[in-house]
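Just below is one structure, and these are the notes that go with it.
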Amino acid sequence: MEVINVRLPDKIAGDLDNLAKKHELTRSEVMRQALTIYLHIVENVGTILRPFVFQVKPAQMDYTRHGDVSIIKTPTGHAIVTGSTSSGAIGPKELDEVKVTGAILGKFLARVALMDVTATGAFPLLLSVTLGVEKEPTGNQILEGIRKETRFLGLDPNQVLLENTEDNIKTLQTGVGITVVGFANEPELRLARTCPGDKIVAIGRPKVGKEVIPAEVHGEIADLRNVGQLVQKSYVHDIAAVGTYGIAAEARMMAYSVGRQLKLFNVEGLDLNKSAGPATVVLASVDSEHVEDLKDLFPKPVNVIGEIQ
């Protein structure tokens, strides 16, 4: 057995003596056990410091779809949530069918994908934008709108935004796609929490195409801030942004996801089958006792459109 002399600061020597006395051991035995444990830690430091998620194999991942988002659950208790949307022939270019500025187009594209991801309870970490237009001027105009929308969530566009443009071929129509990647702790996901007796509440009115901009000016449509408000309320169970398929279809999907039926209500002046375009309506399944509380949150159209049975 080799003898090693070690100089220790007074405090550590004092702690060593206290431990030895407490456990009726010699100084040498305490030091031997401490070094044995420490050497084991150092030998495995890569495993200890490296996040466990990187040791997970693809076969251990659980892939599911929920409406317009994909969820990848890991055995570590985390989830990666992705949502995407696209647009064609809408923008400032010569052959675009619906004429809007690039900034407005970017704002609504980002809003749709961000609403889909944040509605699940995940926090967006990355936005990937594929632009079928030149960078200057159209691409930068669209990116301006996207950057503005991401700031509503406290995100720094310089850190979270990836972009790619078409600068080799002249384009006469606008085409854009956007994908948002979010992260969540699995227990915090708002998926399939809807309960029997819940009321389905619609925030905003369905608008599409040229109707969208005037409706936003008049406070008639839902937005990203509204989703953030809903996520913070414990009496709100599931949240879903409504798009092309309309309110009724999205509400049925919310009910079917928990194996229940949906009773739809007739709401005067509200077309439940109309396209809601770029997520102009948000649905929430709500504890029936808190419907009025929810209505008080929003200075815009709020309607109870159904009940979970």
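Heavy-atom basis, side chains included; hydrogens, waters and symmetry copies ignored.
Here Ser234 pairs with nothing under the side-chain contact (heavy atoms from CB on, under 4.5 Å) rule; sequence neighbours left out. By the side-chain contact (heavy atoms from CB on, under 4.5 Å) test, Thr244 pairs with Ser275, sequence neighbours left out. Applying the side-chain hydrogen bond (donor to acceptor under 3.5 Å, both in side chains) rule to Gln173 yields no partners; only residues at least two apart in sequence or on another chain are considered.
At least one side-chain heavy atom of Thr171 sits under 4.5 Å from a side-chain heavy atom of Lys93. Within the 4.5 Å cutoff, no side-chain heavy atoms of Ser285 are placed close to those of Arg193. No side-chain heavy atom of Glu211 sits less than 4.5 Å from a side-chain heavy atom of Thr280. When side chains are defined from C-beta on, Glu144 does not count as touching Asn140, because their heavy atoms never get closer than 4.5 Å. When side chains are defined from C-beta on, Ile247 counts as touching Leu272, because their heavy atoms get closer than 4.5 Å. Leu189 has its side chain within reach of Lys73: a pair of non-hydrogen atoms, C-beta onward, lies under 4.5 Å apart. For the pair Phe152 and Thr118, the minimum side-chain heavy-atom distance is 4.5 Å or more. The closest side-chain heavy-atom distance from Val160 to Pro124 is not below 4.5 Å.
Cluster annotation: Val69 is not connected to Leu126 through the hydrophobic network of ILVMFWY side chains, with a link wherever side-chain heavy atoms come within less than 4.5 Å. Under a hydrophobic clustering in which Ile, Leu, Val, Met, Phe, Trp and Tyr are joined whenever their side-chain heavy atoms come within less than 4.5 Å, directly or via other members, Leu224 and Val176 fall into the same cluster. Val267 and Ile308 fall within a single hydrophobic cluster, where Ile, Leu, Val, Met, Phe, Trp and Tyr are joined by side-chain heavy atoms under 4.5 Å apart, directly or via other members. Hydrophobic clustering (side-chain heavy atoms under 4.5 Å, transitive across Ile, Leu, Val, Met, Phe, Trp, Tyr) keeps Met254 apart from Val227. Val282 and Leu264 fall into different hydrophobic clusters, where Ile, Leu, Val, Met, Phe, Trp and Tyr side chains are chained together by heavy-atom contacts under 4.5 Å.
Nearest heavy atom pair, residue Lys199 against residue Ser288, reads NZ-CB, 3.9 Å. Residues Ile71 and Ala79 share a closest heavy-atom pair of CG2-CB, 4.1 Å. Looking at every heavy atom in both residues, Gly182 comes nearest to Ala122 through C-CB, 4.3 Å. Nearest approach of Val117 to Gly83, heavy atoms of both residues: CG2-N, 3.6 Å. Residues Asn273 and Ala248 approach most closely at OD1-CB, 3.6 Å, considering heavy atoms. In terms of heavy-atom proximity, Gly175 sits nearest to Val133 at N-CG1, 4.1 Å.
For Ser28 and Thr26, the side-chain atoms include no donor-acceptor pair closer than 3.5 Å.
Side chain of Glu166 to main chain of Asn168: a donor-acceptor pair is present (N/O by atom type, distance under 3.5 Å, no hydrogens or angles). Using modelled atom types, no side-chain atom of His290 and backbone atom of Val286 make a donor-acceptor pair closer than 3.5 Å. Using a distance-only test at 3.5 Å, with no hydrogens or angles considered, a donor-acceptor pair links the side chain of Asp167 to the main chain of Lys135. With hydrogens and angles disregarded, a donor-acceptor distance shorter than 3.5 Å links the side chain of Arg190 to the backbone of Val236.
Going from atom CD1 of Ile90 over to atom OG1 of Thr174 covers 9.5 Å, rounded to the nearest 0.5 Å. The NZ atom of Lys233 sits 14.0 Å away from the CG atom of Asp287 when rounded to the nearest 0.5 Å. With rounding to the nearest 0.5 Å, the separation of CG in Asp156 from CG in Leu161 is 10.0 Å. Taking OG1 from Thr120 and CG from Asp68, the interatomic distance works out to 12.0 Å, rounded to the nearest 0.5 Å. Rounding to the nearest 0.5 Å places CG of Asp10 at 11.0 Å from CG of Asp15. The line from CD1 of Ile239 to CG of Leu230 is 5.0 Å long, rounded to the nearest 0.5 Å.
Of the residues listed (Lys107, Arg111, Lys300), the one engaging Asp223 in a salt bridge (Lys or Arg N to Asp or Glu O under 4.0 Å) is Lys300, and it is the only one. Among the candidates Val180, Ile178, Thr85, the single residue satisfying the side chain to side chain contact (heavy atoms under 4.5 Å, CB included) test with Leu114 is Val180.
A salt bridge between Lys170 and Glu94 is absent, with no side-chain N of the basic residue lying under 4.0 Å from a carboxylate O of the acidic one. Salt bridge status for Lys207 with Glu216: absent, with no side-chain N to carboxylate O gap under 4.0 Å. Salt bridge status for Arg260 with Asp198: absent, with no side-chain N to carboxylate O gap under 4.0 Å. The residues Lys295 and Glu292 are annotated as salt-bridged, a charged nitrogen and a carboxylate oxygen being separated by less than 4.0 angstrom.
For NZ of Lys21, the number of neighbouring non-hydrogen atoms (other residues, nucleotides, ligands) closer than 6.0 Å is 12 at most.
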